[in-house]
Amino acid sequence: SDVCSSDLAATPEEKKREKELEHQKKVEAKQMAQIRIYREVTDFSGRASELGTLGVNKATIGRTDPVELTVQREAVLDERDVKRATLVEQRDQAFGIAVEFVQRGSMVLHMNSVAAKGQRLVIAARWSDGTNVFNRWIAAPLMRRALDQGYIVFTPDMSREESVIFVRGLNNVAIKLKNQAKPPKEKKTKPADAASTNAAPGSKTVKPKDPKADTKLKKEFDPFQGQ
């Protein structure tokens, strides 16, 4: 027979699923995330320079039982320092987020974890999913020892779904900044335009984008706004 067996194998349901997966991959590739890590300030008796070049500000951590912390106004680390982010599975269905830094970021993390011993590093996050953009203070891990391995692990004030999107977004940004190697492209089993030939011209319905949504996170990220 001249008919290719693979054409017979793909049912309408399988073709639909394949299209959905392709669409999902495109959505995931556009997800972006930013991170800001600040030093907590507990001693106000020192010199002004010790409180950060732009002074201090307040950060509210936790949504169910919020705690207000005083932090330096300038972040010590951000997404430009990130090499890789990972979701870490823990006991009893709990999870954490591990953020690994490039060489410069690793040195800054080590230095600040030593200087902030007995205090907290306070973490803010912004991430996009579709046309939605989220902004939240997500963690304030206590520095008990020097973080000299180039990464920090924390339990975020996020759902598992939000954490997966945030981690993916940080990795997408790290790839964009060339802090992380780009994953190899999967080989397509059929021509890219094969699916489009079935659709009538102009029949594609495009969902209008929310003009207010900064999905590419181009606007300056200031976690102190709107607290």
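Treat the numbers as computed from the prediction; the structure is a model and nothing was measured. Residues take their numbers from the sequence shown, with the count starting at 1.
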Walk me through whether Arg136 and Glu162 qualify under salt bridge (charged side-chain N to carboxylate O under 4.0 Å, His left out). CA-CA 11 Å; Arg136 188 184 306 156; Glu162 286 174 331; 3.0 Å; yes
Residue pair Arg126, Phe221: steps toward the side chain to side chain contact (heavy atoms under 4.5 Å, CB included) verdict: CA-CA 8 Å; Arg126 178 163 68 159; Phe221 176 26; 3.4 Å; yes
Start with the C-alpha gap between Arg168 and Asp129, add the side-chain angles, then the distance that decides, and say whether salt bridge (charged side-chain N to carboxylate O under 4.0 Å, His left out) holds. CA-CA 10 Å; Arg168 187 185 295 125; Asp129 181 24; over 6 Å; no
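- The structure places CD1 of Ile138 at 4.5 Å from CZ of Phe166, a figure rounded to the nearest 0.5 Å.
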Determine, stepwise, if the pair Asn172 / Gln31 fulfils side chain to side chain donor-acceptor pair (under 3.5 Å). CA-CA 7 Å; Asn172 284 344; Gln31 288 166 346; 5.3 Å; no
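- Hydrophobic clustering keeps Ile123 apart from Val102 (ILVMFWY residues linked when any side-chain heavy atoms are closer than 4.5 Å, directly or through intermediates).
- Around atom CZ of Phe134, more than 12 heavy atoms belonging to other residues, nucleotides or ligands sit under 6.0 Å away.
- Taking the six-membered ring where the residue is Trp, Tyr38 and Phe224 present perpendicular rings, their angle passing 60° and hence far from 30°.
- Proximity of a side-chain donor or acceptor of Thr155 to a complementary backbone N or O of Gly96 within less than 3.5 Å is not detected.
- Between the side chain of Thr60 and the backbone N or O of Pro66 there is no donor-acceptor pair closer than 3.5 Å.
- The environment of Gln93 atom CD is sparse: at most 12 non-hydrogen atoms of other residues, nucleotides or ligands sit within 6.0 angstrom.
- The minimum heavy-atom distance linking Ala115 with Gln119 is given by the pair O-OE1, 4.4 Å.
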Would Val71 and Val56 count as a side chain to side chain contact (heavy atoms under 4.5 Å, CB included) here? Give the steps. CA-CA 6 Å; Val71 297; Val56 297; over 6 Å; no
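- Residues Val164 and Val99 share a single hydrophobic cluster, defined by chaining ILVMFWY side chains whose heavy atoms lie under 4.5 Å apart.
- With a 4.5 Å cut-off on side-chain heavy atoms, Asp78 and Gln34 do not count as touching.
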Do Gln24 and Glu28 pass the side chain to side chain donor-acceptor pair (under 3.5 Å) test, and can you show the C-alpha distance, the side-chain angles, and the key distance before you say yes or no? CA-CA 6 Å; Gln24 184 61 26; Glu28 289 176 1; 3.0 Å; yes
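- Around CZ of Arg63, the count of heavy atoms belonging to other residues, nucleotides or ligands within 6.0 Å exceeds 12.
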Test Val122 against Ile37 for side chain to side chain contact (heavy atoms under 4.5 Å, CB included), laying out the working first. CA-CA 6 Å; Val122 186; Ile37 301 181; over 6 Å; no
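- Between His110 and Gln149 the shortest side-chain heavy-atom distance does not fall below 4.5 Å.
- Separating the CH2 atom in Trp137 from the CD atom in Glu68 is a distance of 11.0 Å, to the nearest 0.5 Å.
- Between Ser113 and Leu147, the closest heavy-atom pair is OG-N, 2.9 Å.
- Remark: Gln180 CD to Lys182 NZ distance equals 12.0 Å, nearest 0.5 Å.
- Counting heavy atoms from C-beta outward, Val82 and Phe101 have side chains that approach closer than 4.5 Å.
- Under the 3.5 Å distance criterion, the side-chain polar atoms of Asp81 are left unmatched by any main-chain donor or acceptor of Leu77.
- Side-chain heavy atoms closer than 4.5 Å link hydrophobic residues (I, L, V, M, F, W, Y) into clusters, and following such links, possibly through other members, connects Ile165 to Ile35.
- Taking the side chain as every heavy atom from C-beta outward, Lys117 and Asn112 never approach each other to under 4.5 Å.
- Scanning both residues, Ile97 and Val88, for their nearest heavy atoms gives C-CG2, 4.5 Å.
- Two residues are said to be in side-chain contact when any heavy atoms from C-beta on lie closer than 4.5 Å; Arg80 and Leu177 meet this criterion.
- A 6.0 Å sphere centred on CD of Gln103 holds no more than 12 heavy atoms belonging to other residues, nucleotides or ligands.
- Nearest approach of Phe95 to Met158, heavy atoms of both residues: CZ-O, 3.5 Å.
- The minimum heavy-atom distance linking Leu87 with Ser163 is given by the pair CD1-CB, 3.6 Å.
- The minimum heavy-atom distance linking Ala33 with Val173 is given by the pair O-CG2, 3.4 Å.
- In this structure, Glu40 CD and Leu121 CG are separated by 9.0 Å, a value rounded to the nearest 0.5 Å.
- In this structure, the separation between CD on Glu100 and CG on Asn179 is 10.5 Å, given to the nearest 0.5 Å.
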The test is salt bridge (charged side-chain N to carboxylate O under 4.0 Å, His left out); show your working for Glu89 and Arg160 and say whether it passes. CA-CA 10 Å; Glu89 297 295 341; Arg160 181 179 285 269; 2.8 Å; yes
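- No continuous path of ILVMFWY side-chain contacts below 4.5 Å connects Phe154 to Leu142, so the two sit in separate hydrophobic clusters.
- The shortest distance between side-chain heavy atoms of Thr11 and Glu14 falls below 4.5 Å.
- A distance of 13.5 Å separates CD in Glu20 from NZ in Lys25, rounded to the nearest 0.5 Å.
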Using side chain to side chain contact (heavy atoms under 4.5 Å, CB included), reason through Leu109 and Tyr151 one step at a time and then give a plain yes or no. CA-CA 8 Å; Leu109 177 69; Tyr151 67 88; 5.5 Å; no
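- The closest donor-acceptor contact from the side chain of Gln72 to the backbone of Arg39 lies at 3.5 Å or more, if one exists at all.
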